[in-house]
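Reviewing the structure listed below.
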Amino acid sequence: MDPEPSKHELAYREIRVRIIDGRYGPGHRLVLSSLARELDVSPVPVREAIRRLEAEGLVQFERNVGARVATLQDDEWEQLVEMLALLDGFAFAAAAPRVSAADLAEAREFNGRLRAAASAPQVDHGEVMLLHRRFHWALYRCCGNRYVIESLDGIWDRIDASRVLVTLYPALRLKTAVDEHDALLDRLERGEDDASVLEVCAREHNLNAIRTIRKNVGAEQ
């Protein structure tokens, strides 16, 4: 039987979830005393949890202010997506010989739900980004390298916490992304491409998010 998680671990998990799902948005001030009362713990485990979240890049400390949920500038979220593209490309190619028919079916199911969301009268941005993440996870989890998987999970967490893509991706990128997802799955099913081709295709798919958003946002300014 697994031991009960510590107060520090419980505080860490709860604060982290609230950051990732947007309840604590970028710039939100994390007040130790308030969080301690709300979570019914002393300030010590909350302080430890926040330091841990800082190490993950989800929290920033500011002089004379204290802890805040991290805020990303334009070049910073683009750099995160660039890193995502590099790792996801590698993972996609590495997963190719390991991915099963069930894995592909799961990824197609997620992409089908994304396609339906793209044509819905009202788009649930949070649901779109969750499905998008699950689509990629269904594939990169098969890469056989737990350190790559952990790194990708961490990058996705920081992207979600930044709330940049959740506000832009559904409107600007979703309709073309689902077609690219299908093309990637078709490549895996055919099994005709070598690893270098698969890696480039997956990497370019991720980089297209930056290109599309930069082009559309720039045109509006």
Side-chain angles (χ1 to χ4, degrees), residues 2-92 94-95 125-126 129-130 132-169 203 206-207 209-210:
D2 294 333
E4 289 292 323
S6 65
K7 291 182 178 180
H8 153 250
E9 182 66 25
L10 291 172
Y12 162 78
R13 292 178 186 178
E14 182 60 28
I15 297 169
R16 194 177 195 280
V17 165
R18 295 180 187 186
I19 291 173
I20 298 301
D21 69 17
R23 279 178 283 172
Y24 294 164
H28 179 89
R29 190 178 174 203
L30 300 170
V31 181
L32 267 64
S33 57
S34 298
L35 285 169
R37 287 194 300 271
E38 186 177 346
L39 299 175
D40 195 25
V41 296
S42 74
V44 174
V46 174
R47 183 182 298 109
E48 293 173 350
I50 288 176
R51 288 296 184 186
R52 189 171 164 189
L53 292 165
E54 181 191 23
E56 295 179 10
L58 296 175
V59 169
Q60 298 169 335
F61 277 86
E62 298 179 19
R63 185 183 297 274
N64 300 322
V65 175
R68 289 186 182 275
V69 177
T71 301
L72 296 179
Q73 304 302 318
D74 288 349
D75 59 336
E76 291 174 324
W77 78 259
E78 289 183 6
Q79 288 171 19
L80 265 183
V81 176
E82 287 170 351
M83 180 60 73
L84 177 74
L86 287 171
L87 286 178
D88 190 66
F90 172 85
F92 183 77
H125 288 208
M129 295 310 298
L130 178 60
H132 181 224
R133 178 171 179 168
R134 286 180 174 175
F135 169 85
H136 283 273
W137 180 81
L139 301 174
Y140 73 67
R141 71 181 178 190
C142 303
C143 75
N145 187 320
R146 70 182 180 91
Y147 299 104
V148 170
I149 295 170
E150 289 172 1
S151 296
L152 280 165
D153 287 345
I155 292 172
W156 274 106
D157 285 343
R158 294 185 69 180
I159 289 173
D160 286 346
S162 75
R163 314 310 290 170
V164 175
L165 289 187
V166 76
T167 61
L168 298 173
Y169 192 96
R203 184 171 67 240
N206 286 285
L207 292 175
I210 298 175

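Note that the coordinates shown come from a computational prediction; the quantities given were computed from them, not determined experimentally.
Residue pairs satisfying the salt bridge (Lys or Arg N to Asp or Glu O under 4.0 Å) criterion with at least one member in residues 146-157, sequence neighbours excluded, are listed as follows: Arg16-Asp157, Arg133-Asp157, Arg146-Glu150. Screening residues 25-44 for salt bridge (Lys or Arg N to Asp or Glu O under 4.0 Å) gives Arg18-Glu38 as the qualifying pairs, with residues at least two apart or on separate chains. Among residues at least two apart or in separate chains, there is no ring pair (Phe, Tyr, Trp, His ring centres under 6.0 Å) pair with a member in residues 33-55. Within the structure, ring pair (Phe, Tyr, Trp, His ring centres under 6.0 Å) pairs that include any residue of residues 27-67 comprise Tyr24-His28 (at least two apart or interchain).
Val41 has its side chain out of reach of His8: every pair of non-hydrogen atoms, C-beta onward, lies at least 4.5 Å apart. In this structure, the side chains of Glu9 and Glu48 stay at 4.5 Å or more apart for every pair of heavy atoms. Annotation: side chain of Leu58 is not in contact with side chain of Ile15 (no heavy-atom distance under 4.5 Å). Between Asp160 and Ile19 the shortest side-chain heavy-atom distance does not fall below 4.5 Å. A 4.5 Å side-chain heavy-atom check between Arg141 and Leu152 finds every atom pair outside the cut-off.
Taking Phe92 as the reference, nothing meets the ring-ring contact (aromatic ring centres under 6.0 Å, His included) condition, with sequence neighbours excluded. For Arg134, there are no salt bridge (charged side-chain N to carboxylate O under 4.0 Å, His left out) partners, not counting sequence neighbours.
The ring of His132 has its center closer than 6.0 angstrom to the ring center of Trp156.
When all heavy atoms of Arg158 and Gly57 are compared, the closest pair comes out as NE-O, 3.6 Å. Considering all non-hydrogen atoms of both residues, Ala67 and Ile50 come closest at CB-CG2, 3.7 Å.
Other residues, nucleotides and ligands contribute at most 12 non-hydrogen atoms within 6.0 Å of the CZ atom of Phe90.
Atoms CD1 and CG, on Ile155 and Leu87 in that order, are 5.0 Å from each other to the nearest 0.5 Å.
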